[in-house]
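A short write-up of the structure that comes next.
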Amino acid sequence: MSNAYNPNTIEKKWQKIWEQEKAFAATDDYSKPKYYALVEFPYPSGQGLHVGHPRPYTALDIVARKRRMEGYNVLFPMGWDAFGLPTENYAIKNKIHPRIVTENNVRHFKSQLQNLGYSFDWDREVNTTDPKYYHWTQWIFLKLFKAGLAYKTQMPINWCPSCKIGLANEEVVGGCCERCGAEVVRRMRTQWMLKITDYADKLLEGLNEVDYIERVKTQQRNWIGRSTGAEVDFAIAGTEDKLRVYTTRPDTLFGATYMVVSPEHPFIDKYAERITNLADVLEYRDQAAKKSDFERAEMAKEKTGVELKGLRAVNPLTGCEIPVWTSDYVLMSYGTGAIMAVPAHDERDWEFAKKFGLPIVEVVAGGNVEEAAFTDVESGIMVNSGFMNGMEVAEAKKAVTAYLEEKGLGTPKVNFKLRDWVFSRQRYWGEPIPIVECEKCGYVPLPEDELPLLLPEVESYEPTDSGESPLAAMTDWVNTTCPCCGGPAKRETDTMPQWAGSSWYFLRYTDPKNDKALASPEALKYWLPVDWYNGGMEHTTLHLLYSRFWHRFLYDEGVVPTKEPYQKRTSHGMILGENGEKMSKSRGNVVNPDDIVNEFGADTLRTYEMFIGAFDMAASWSTDGVRGCRKFLERVWKLQDMVSEEEGFTKALETRMHQTIKKVSQDYESLKFNTAIAALMSLLNEFYKAGSVSRGELKTFLLLLNPAAPHITEEMWELLGFGGRCYLQAWPKYEEAKTVEDTVELALQINGRMRGTVTVPRSASKEEVLAAGKAQLGERLAGVTIVKEIYVPGRIVNIVVK
RNA sequence: GCGGGUGUGGCGAAAUAGGCAGACGCAAGGGACUUAAAAUCCCUCGGUGGCGACACCGUGCCGGUUCGAGUCCGGCCACCCGCACCA
């Protein structure tokens, strides 16, 4: 009899052996076929690992382990995205240096991950807060700056008056500060920006070359928000000046009955003297400026606005004078900050026109524009539109665009929803921005040989009243000389956002200790692109987009060999609490993975998280479910006592073995880990039914289970004397011909209703099958007329009768 | 409002390409073993009716296509996740 299954002992044993054997180190032998599997590196928070972490980690660990068994040189690395606010806040509260906090958290995280037996190559560990790492983050920033893609500008930021701190958009929840709950206000500040908008088209096109799950592609496309239309100039009556608008519906130009400029539009100041109700207009502008973005969105329901009296525009096609209004539903940050309003065919314009009694002129027939705006572009026919009358919308669009261009009234134009990336944080715990400001030379980049620009030691990390970074108080550090003219200059005191370090970390893994470059060209050429990258859906329009941008930029600079960083991107679902709600301390439904490992073992936790449900969907935790997986592994363990002498597969299970190899192999590749485990459970039940298992069957079973439950399988491999290491064996192969049974059981139907089954040889002809089927149905067919006989090989026989 | 997703037993979920709905697991019930319990093993397990072989109903709702629909088409409903006045 075997000993009792004791996961705690055997898991520790094998984790140690793997470490000593450097079992999972990627080699620099570039002649072998490579596979780069990547999971998002965690932010090492004080709470430690969450049961959500192991879900994606186990999934790609399975892929990585399977690839090694298939003969690939596998890179499966791990590291730490360690700059960030929670660490800084903890440091402030407990008066410990954030570096120390980070070190402690990393140590804790690492030991937790090691307890789960992941096959990470720990020799390649990276940490974004390591100066040897952020050296290259800063280097990339300098490249961006030199390419004109980093610039400083005045921007409104989210300001928490209670915490006295500038917040990132992600830290604003429902218009309030994430931590203290105070209402966030807008405050102007100069900020570093990255011109991601220059890459909008490249980022869009790149999506056609990669194998991302569809919802990720869709979300990125929507976020980039490409739209095509035209810019059109409207003359300002009584001047030589023109007001330029952007529209996606130039075809409706005859229906433009008024114009609207954003409250921040320069025309208001420019024509201040002509505007007869200037006081009202300025009052409106002030009101709009005070509103936070959140308030502006909240008030979206009710349109507001003021007419710019004394200012009239001219519709370039009708020649009619039309009024000009200002309203905060027009945004300065999109298009030209001004629109032509076509109330008959735009819902917002319609609402606005109804409220202020402006004329509504129908130019596309098909709806009732007195009732609602008619926005359909598929079915409408142009009316009241001069030369476009009778055309369909698409045709009219082309015609009017050509006409406008010919007459010099407008040009085709593409716009994007994507905005430039706000790249400054007024915080201490981030990468210093390697720029100095010189009175004479302006913003001057640090010479590359002065990198890394180290984060200085400060007395206090507390943010200041002025909204400046704590670094601003470090006058010794701030005051420096200009690298350009040698005159007095000041260092930039804002730091980079957390998204900086994570935008290129996958490059560093390929050559993590290089001090001459972010990685050697050889290493990059061999390892890139990442073959499979899994990460959270919440990063789709943040980290994933940012890192694609940086990568594409580095490609354009000749630093990296591929246009796209990640060949394949998948996303896992969240693990919810036992009650189906998101796990959180306040809900009291948090499960600590350490407790699960201690009570049930790492293999059980891994197996359970794979079995819990479809990988890409949210799943609720169930401790009973964990127990079920432990029971499964106990039953696997006991196979030791059931092994027969037979080396190969037994006749009885041969087909089943080949089927299972096929099923598990495919499921591990296609995110169907739950059904892969189910297939193994099912096969195990067969072994129990048979009362014994051959050595060949058990070997195969252990190999198939090994990527999911590496410790128990390795231990059994050794105990049974199968030779060598389980993880070093070749992945099992199946023969397609042997996955099919000699006989098939067919469903028998009469008029599509189940009436039994019939078993026939696979080779039986249609006639033989139908004869056997009808014989089986016997009396049920007595006294009826057969209208039709349907036979789908391997599936069903359906007799249609009257 | 727009975009994406989901809806199947008491529960978590399966179901190539339209072909035996509920694999696998949990919970539950029954049995074996045990002085007893736990553990383990075996059996049952969508609903209704029937002693019964069996019949009828059943994949959010309504309709359609088909010999046959969880799957395809049309029209709804509910929930979840993004984005949100983007002209």
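Here is how names work: the chains are called A, B, and so on, in the same order as the sequence lines, proteins then strands, and each is numbered from 1. As the structure is a computational prediction, the values presented were derived from the model and not from experiment.
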Given G4(B), A87(B), A21(B), the nucleotide with the shortest approach to the side chain of Ile339(A): A87(B)
Sugar-phosphate only, base, or nothing, as touched by Gly628(A) at under 4.0 Å among non-hydrogen atoms: sugar-phosphate
Nucleotide A14(B), atom C1' - distance to CD1 of Ile677(A) in whole Å: 15 Å
Between G3(B) (C1') and Gln220(A) (CD): distance, integer Å: 15 Å
Any Asn674(A) side-chain nitrogen or oxygen under 4.0 Å from OP1 or OP2 of A14(B): yes
Exam field: side chain Glu609(A) to backbone Arg55(A), donor-acceptor pair closer than 3.5 Å: yes
Sugar-phosphate, base or nothing in reach of Ala338(A), heavy atoms under 4.0 Å: nothing
U8(B) and G47(B), which share atom name C1', separated by this distance in whole Å: 14 Å
Proximal nucleotide (of A23(B), A87(B), C42(B)) relative to the Ala678(A) side chain: A23(B)
Tyr688(A) six-ring face occupied by Arg635(A) cation (under 6.0 Å, within 45°): yes
Geometric cation-pi criterion Lys303(A) and Tyr329(A), 6.0 Å radius, 45° cone: yes
Sugar-phosphate, base or nothing in reach of Met617(A), heavy atoms under 4.0 Å: sugar-phosphate
Spacing of Glu789(A) atom CD relative to G19(B) atom C1', expressed in whole Å: 17 Å
Side-chain donor-acceptor contact under 3.5 Å, Ser227(A) with Tyr334(A): yes
Separation of atom NZ in Lys689(A) from atom C1' in C24(B), rounded to whole Å: 12 Å
From C67(B), U40(B), A14(B), nucleotide with atom closest to Thr675(A) side chain: A14(B)
Any Lys663(A) side-chain nitrogen or oxygen under 4.0 Å from OP1 or OP2 of A23(B): no
Gap between atoms CE and C1', on Met332(A) and C85(B) respectively (whole Å): 16 Å
C1' spacing across the pair C56(B) / U44(B), given as an integer number of angstrom: 22 Å
Proximal nucleotide (of A87(B), C24(B), U40(B)) relative to the Phe611(A) side chain: C24(B)
Along RNA chain B (nearest heavy atom to each residue), the more 5'-positioned of Arg627(A) and Leu418(A): Arg627(A)
Thr757(A) side-chain proximity, nearest of A87(B), C20(B), G19(B): C20(B)
Within residues 743-753 of chain A, residues whose heavy atoms come under 4.0 Å of RNA chain B: Glu745(A), Ala747(A), Gln749(A), Asn751(A), Gly752(A), Arg753(A)
Glu789(A)/Lys774(A) salt bridge by N-O under 4.0 Å criterion: yes
Nearest-nucleotide pick for Lys303(A), side chain only, options being C41(B), C67(B), C85(B): C85(B)
Residue-phosphate contact under 4.0 Å: Lys672(A) side-chain N/O, A15(B) OP1/OP2: yes
Sugar-phosphate, base or nothing in reach of Asn685(A), heavy atoms under 4.0 Å: sugar-phosphate
Glu741(A) side chain to Thr743(A) side chain, donor-acceptor N/O pair below 3.5 angstrom: no
Rounded distance in Å between the P positions of A15(B) and C20(B): 13 Å
Phosphate OP1/OP2 of C41(B): any Arg635(A) side-chain N/O under 4.0 Å: yes
Span that lies between the P atom of C33(B) and that of C54(B), in whole angstrom: 33 Å
Watson-Crick or G-U wobble partner of G74(B), both distances under 3.5 Å: C62(B)
Short side-chain N/O contact to G82(B) OP1/OP2 from Thr540(A), under 4.0 Å: no
Pairwise C1' distance, G60(B) and U71(B) [rounded to whole Å]: 16 Å
ring-ring contact (aromatic ring centres under 6.0 Å, His included) assessment of Trp499(A) paired with Phe549(A): CA-CA 12 Å; Trp499(A) 311 108; Phe549(A) 163 47; over 10 Å; no
For atom CZ of Arg795(A) and atom P of A15(B), their distance in whole Å: 13 Å
Counter-base of G29(B), judged by Watson-Crick or G-U geometry with both distances under 3.5 Å: C43(B)
Test item: side-chain donor near acceptor, Gln776(A) and Arg755(A), under 3.5 Å: no
Near-ring test Phe632(A)/Phe611(A), centroid separation under 6.0 angstrom: no
Watson-Crick or G-U wobble mate for A69(B), both contacts under 3.5 Å: none
In G25(B), glycosidic geometry as syn within 90° of 0 or anti otherwise: anti
Touch class at under 4.0 angstrom, heavy-atom based, for Ser622(A) against every strand present: nothing
Whole-angstrom distance between G31(B) and C45(B), as gauged at atom C1': 15 Å
Value in whole Å for how far the C1' atom of A27(B) lies from CH2 of Trp621(A): 18 Å
Sugar-phosphate only, base, or nothing, as touched by Ser227(A) at under 4.0 Å among non-hydrogen atoms: sugar-phosphate
Closest-nucleotide 5' rank along RNA chain B - winner of Gly225(A) and Glu347(A): Glu347(A)
Nucleotide of G4(B), C67(B), C56(B) approaching Val800(A) most closely (side-chain heavy atoms): C67(B)
Pair assignment for G82(B), Watson-Crick or G-U wobble, requiring both distances under 3.5 Å: C2(B)
Distance between P atoms of G1(B) and A14(B) (Å, rounded): 31 Å
Per Met681(A) side chain, nearest of listed nucleotides C85(B), C24(B), C41(B): C24(B)
Tyr668(A) side chain vs Lys663(A) backbone, donor-acceptor pair below 3.5 Å: no
Watson-Crick or G-U wobble mate for A55(B), both contacts under 3.5 Å: U48(B)
P gap between G10(B) and C61(B), integer Å: 14 Å
Which nucleotide in C26(B), C56(B), A87(B) has an atom nearest any side-chain atom of Arg755(A): C56(B)
Heavy-atom neighbours of Lys582(A) NZ exceed 12 at 6.0 Å: no
